[in-house]
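First comes the structure, then the notes that go with it.
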Amino acid sequence: MSQVEKDQIRQQVRSTYGNIAITDDAAGSCGAGSSCCGQQKSPVGDKSLELGYSPEDLGSVPDGSNLGLGCGNPQAIAGIQKGEVVLDLGSGGGFDCFLAGQQLQGTGKVIGVDMTPEMVSKARRNAEKSGYSNVEFRLGEIENLPVADTSVDVIISNCVINLSPDKSKVFSEAFRVLKTGGRLAISDIVALKPFTEEMRQNVALYSGCVTGASHQEDILQMLKEQGFEEIAVTPKEGIREYIHKWAPGTGIEDYITSAVIQAVKR
């Protein structure tokens, strides 16, 4: 993929999610139907419960921070401890950042990075109105993180890395900013089989968290090449119907699934 093509993809993704941040409604804006990394026509809270969040989680975050854009629950695998520094790749409205901040119990710090100015502004407003002093949001690309070397204990991300046109660079940056012993706890979309040519030519499907997905073996190889150890890419059980709802009638549930991606920097 050429640099021009990568830039075009980033601009398409930035435009799509900027619109979501402004309208809080992605219906019809992504994918072949109503999908956008989990955005469906059903209530946002219902979607989050399907992905493993609790009613308490949903009730404890600022209004407007949960945009229903996920494909899993990275909180469930992150094992966040008091005093840690947590980094969220593609933090959106701040939903997972605020939940991580609660787990830190007033200690440590959460950094959310997003390349969409409208999302960063929205997340900052959410943090300010709810008094989250240990959560901050930075504008930047996940391929070029505005984060210091060896400064992060755990990296979380929810249905975002599949949107990057340069995933090896994302994992390289993740390795750079993690401390020794730091870990990845990611929920993302992975490909099950090659996409059709028609799918690959559909830019909206890329923004809808479909055709940007890499195969499980490719993700394993990229993480290994960057130096990660204890790598595991585990497809999520019982997600097929959830994926189907993203774009009914297109058969995307045969091509992609949600997976847990874990690795450690030694």
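In Asp63, the CG atom is not crowded: 12 or fewer heavy atoms of neighbouring residues, nucleotides or ligands sit closer than 6.0 Å. Applying the 6.0 Å contact sphere to CD of Glu128 captures no more than 12 heavy atoms from other residues, nucleotides or ligands.
Taken from CG in Asp188 to CD1 in Ile219, the straight-line distance is 6.5 Å, to the nearest 0.5 Å. Atoms CD and NZ, from Glu253 and Lys245 in turn, are 12.0 Å apart once rounded to the nearest 0.5 Å. Interatomic distance, CG of Asn202 versus CE of Met199, reported as 9.0 Å (0.5 Å rounding). For the atom pair Asp88 CG and Ile155 CD1, the distance stands at 10.0 Å (nearest 0.5 Å). Once rounded to the nearest 0.5 Å, the distance linking SG of Cys209 with CD1 of Ile256 reads 8.0 Å. Remark: Ser48 OG to Asn73 CG distance equals 9.0 Å, nearest 0.5 Å.
A chain of hydrophobic side-chain contacts below 4.5 Å, direct or via other Ile, Leu, Val, Met, Phe, Trp or Tyr residues, connects Leu145 to Ile161.
A donor-acceptor pair under 3.5 Å is formed between the side chain of Ser2 and the backbone N or O of Glu5. A donor-acceptor distance shorter than 3.5 angstrom exists from the side chain of Ser54 to the backbone of Asp57, with no hydrogens or angles considered. The backbone N or O of Pro62 lies less than 3.5 Å from a partner atom in the side chain of Ser65, making a donor-acceptor pair. The closest donor-acceptor contact from the side chain of Lys265 to the backbone of Phe175 lies under 3.5 Å. Between the side chain of Ser187 and the main chain of Cys71, no donor-acceptor pair closer than 3.5 Å is present. A donor-acceptor pair under 3.5 Å links the side-chain atoms of Glu84 to the main chain of Gln81, judged by distance alone. A donor-acceptor pair under 3.5 Å is absent between the side-chain atoms of Glu143 and the main chain of Ser164, judged by distance alone.
One finds a salt bridge joining Arg240 and Asp254 here, because a Lys/Arg side-chain nitrogen approaches an Asp/Glu carboxylate oxygen to under 4.0 Å. Ion pair Glu230/Arg266 flagged as a salt bridge, since at least one NZ, NE, NH1 or NH2 atom sits closer than 4.0 Å to an Asp/Glu carboxylate oxygen. With respect to the salt-bridge test (charged N to carboxylate O, under 4.0 angstrom), the residues Glu198 and Arg200 do not qualify.
Cation-pi geometry between Lys193 and Tyr255 is met: the NZ or CZ atom falls under 6.0 Å from the ring centre, inside 45° of the normal.
The two atoms that bring Thr250 and Ile252 nearest to each other are OG1-CG2, 3.0 Å, heavy atoms only. A pairwise comparison of heavy atoms in Ser91 and Cys97 identifies CB-SG, 3.8 Å as the closest pair. Across every non-hydrogen atom of Ile156 and Ala78, the tightest pair is CG2-CB, 3.9 Å. Heavy atoms only, all atoms of each residue included: Arg183 and Gly79 are closest at NH2-O, 3.0 Å. Across all their heavy atoms, Val61 and Tyr132 have their closest contact at CA-OH, 4.4 Å. Contact detail for Val147 and Val177: the closest heavy-atom pair is O-CG1, 3.7 Å.
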Chi angles and distances behind the ring pair (Phe, Tyr, Trp, His ring centres under 6.0 Å) call for Phe98, Phe137:
CA-CA 11 Å; Phe98 297 128; Phe137 297 94; 5.7 Å; yes
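Remark: the Glu225 side chain and the Ser168 side chain contain no N/O donor-acceptor pair separated by less than 3.5 Å.
Contacts of Tyr206 classified as ring-ring contact (aromatic ring centres under 6.0 Å, His included), with partners at least two apart in sequence or in another chain: none.
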